[in-house]
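Down below is the structure, laid out as structure tokens.
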Number of protein chains: 2
Amino acid sequence: MPEEPKTERGRRTRERILAAAAGLIERQGVEATSLDQVLTEAQASKSQLYHYFADKQALVRAVIAWQTATVVDGTAEQLAGVDSWAGLDAWFDALVAHQRSLDCHVGCPIGSLAAELADTDEPARQDLARAFDSWAAQLRAVLDRLRDRGLIRPEADTATLAQFTLATIQGGLLLAKTTRDPQRLRAALTAAGGYLRSLASPP
Amino acid sequence: MPEEPKTERGRRTRERILAAAAGLIERQGVEATSLDQVLTEAQASKSQLYHYFADKQALVRAVIAWQTATVVDGTAEQLAGVDSWAGLDAWFDALVAHQRSLDCHVGCPIGSLAAELADTDEPARQDLARAFDSWAAQLRAVLDRLRDRGLIRPEADTATLAQFTLATIQGGLLLAKTTRDPQRLRAALTAAGGYLRSLASPP
DNA sequence: ATCCGATTGGACCGTATAGTCCAGTTGTGT
DNA sequence: ACACAACTGGACTATACGGTCCAATCGGAT
């Protein structure tokens, strides 16, 4: 019954609710965020929310889709021209700088959602698994480019390396967020970069 | 007013409540676990809970302490004799096997708690930060041993390497839990091991 | 046997939350 | 200008939750 605004006004309302929900959930988590909080921040009413979303779970899934698009597309943009170690380092630096600017709150929206929902909301878990997969695919594309340029040896398994890199990023973000110390992320990323570089020449 | 059982019976009651809370929170998260659920599983009553814990937050902090002790002490035991690459690999294998046996639910209790509580419960965040620190210290001790044996070059910064290793473990667990695929953890750990090995000889 | 603190059962309370309902308003196509 | 669907406001409901309270019971010390 709900979903899909038919007018411009409706579209903006839906967007306002979604943005407010995304922000609050990013900061507090799903369970800790109430619909009333979302509605207050979005300047909307109950009936507006339920006009566009079947229930809270549907809203959460929409938030997942929004965050996935934001993070993955944002990463794609930043990684688009990267074809050197310096370029990869610059991206790592940007990640660390971003966390520092947020005082290490939040971490990664996808990672936080995954940690909270993986065991309690199966459809959400699948969405998030796909999000991680497309993110890893982006990283793999970069590694492939580095390999094609001769910076990584040809027989290296870039898909697996991408999984490793993503894992290290996620773990580094979690440690940084927990200790409020961006150096934890820094350490993790520097080492990950070091490993990738160590794959330059054949054994 | 609450805390500290004075008799053996009380001690067991407190322990039952704590164990039930730890299990439920590990599977569902803090917010998704209600006190009534805990009491049903522990076969205890409200007054018993509030006799030993000031409020839900106090119970959660006790769970954090319990899980920290379990995980860190467990790790200490498993890593105690490790002084070779084979030993480290065996530990990694055990981590992967454990996740596989759990069908990749749960992941790491400390990591899950950290992701959920870091931004909403400051004292809990500090507890968890300390948990990560002592865990990292254990890893560092192993790396120091490897270094002393000449397997890692002397000038390597084992503290930073320990942070990196912990981050990769946490991230690998998160990816595995989200995708229900233990290979994600496997890939992360194998790469981390590869990096540590690459530090054998001077540049 | 008696006492007294430790412990226990469970009814009870206030509140916050997800979700419902419907009457009213707005805007768009004709 | 009219009709009709899209949209909105907000009161309302049921329930689940964290937390309180107090009377009853238990068990060791004297």
Do any N or O atoms from the side chain of B:Arg147 and from the backbone of B:Arg153 form a donor-acceptor pair under 3.5 angstrom?
no
What pairs with A:Arg61 under side-chain hydrogen bond (donor to acceptor under 3.5 Å, both in side chains), at least two apart in sequence or on another chain?
A:Asp127
Check whether the side chains of B:Gln28 and A:Thr120 place a donor and an acceptor atom closer than 3.5 Å, and report yes or no.
no
B:Asp148: which residues meet the side-chain contact (heavy atoms from CB on, under 4.5 Å) condition with it, sequence neighbours left out?
none
Any luck finding a side-chain donor-acceptor pair between B:Gln170 and A:Gln170 under 3.5 Å?
no
Would you please name every residue forming a ring-ring contact (aromatic ring centres under 6.0 Å, His included) with A:Tyr195, sequence neighbours left out?
A:Phe164
Sub-4.0 Å heavy-atom contacts from residues 30-42 of chain A onto DNA chain C, ordered by number:
A:Thr33, A:Ser34, A:Leu35
List, with names and distances, any nitrogen or oxygen atoms from the protein found under 3.5 Å away from nitrogen or oxygen atoms belonging to nucleotides 7-9 of chain D.
| unit_1 | atom_1 | unit_2 | atom_2 | d |
| --- | --- | --- | --- | --- |
| D:dC7 | OP1 | A:Lys6 | N | 2.8 |
| D:dC7 | OP1 | A:Thr7 | N | 2.9 |
| D:dC7 | OP1 | A:Thr7 | OG1 | 3.1 |
| D:dC7 | OP2 | A:His51 | NE2 | 3.4 |
| D:dC7 | O5' | A:Tyr52 | OH | 3.2 |
| D:dT8 | OP1 | A:Thr13 | OG1 | 2.8 |
| D:dT8 | OP2 | A:Thr13 | OG1 | 3.4 |
| D:dT8 | OP2 | A:Gln48 | NE2 | 3.4 |
| D:dT8 | O5' | A:Gln48 | NE2 | 3.0 |
| D:dG9 | OP2 | A:Gln48 | OE1 | 2.7 |
| D:dG9 | N7 | A:Ser45 | OG | 3.3 |
| D:dG9 | N7 | A:Ser47 | OG | 2.2 |
| D:dG9 | O6 | A:Ser47 | OG | 2.9 |

So does B:Asp119 pair up with A:Lys177, basic N to acidic O under 4.0 Å?
yes
Using a heavy-atom cut-off of 4.0 Å to chain B, what are the terminal contacting nucleotides of DNA chain C, in 5' to 3' order?
C:dA6 to C:dG10
Quick one: does B:Asp181's side chain have a donor or acceptor within less than 3.5 Å of a partner on B:Gln183's backbone?
yes
So, B:Glu41 and B:Gln37: side-chain donor and acceptor under 3.5 Å apart, yes or no?
no
Taking the side chain as C-beta and beyond, is there a heavy-atom pair between A:Arg125 and A:Leu117 under 4.5 Å?
no
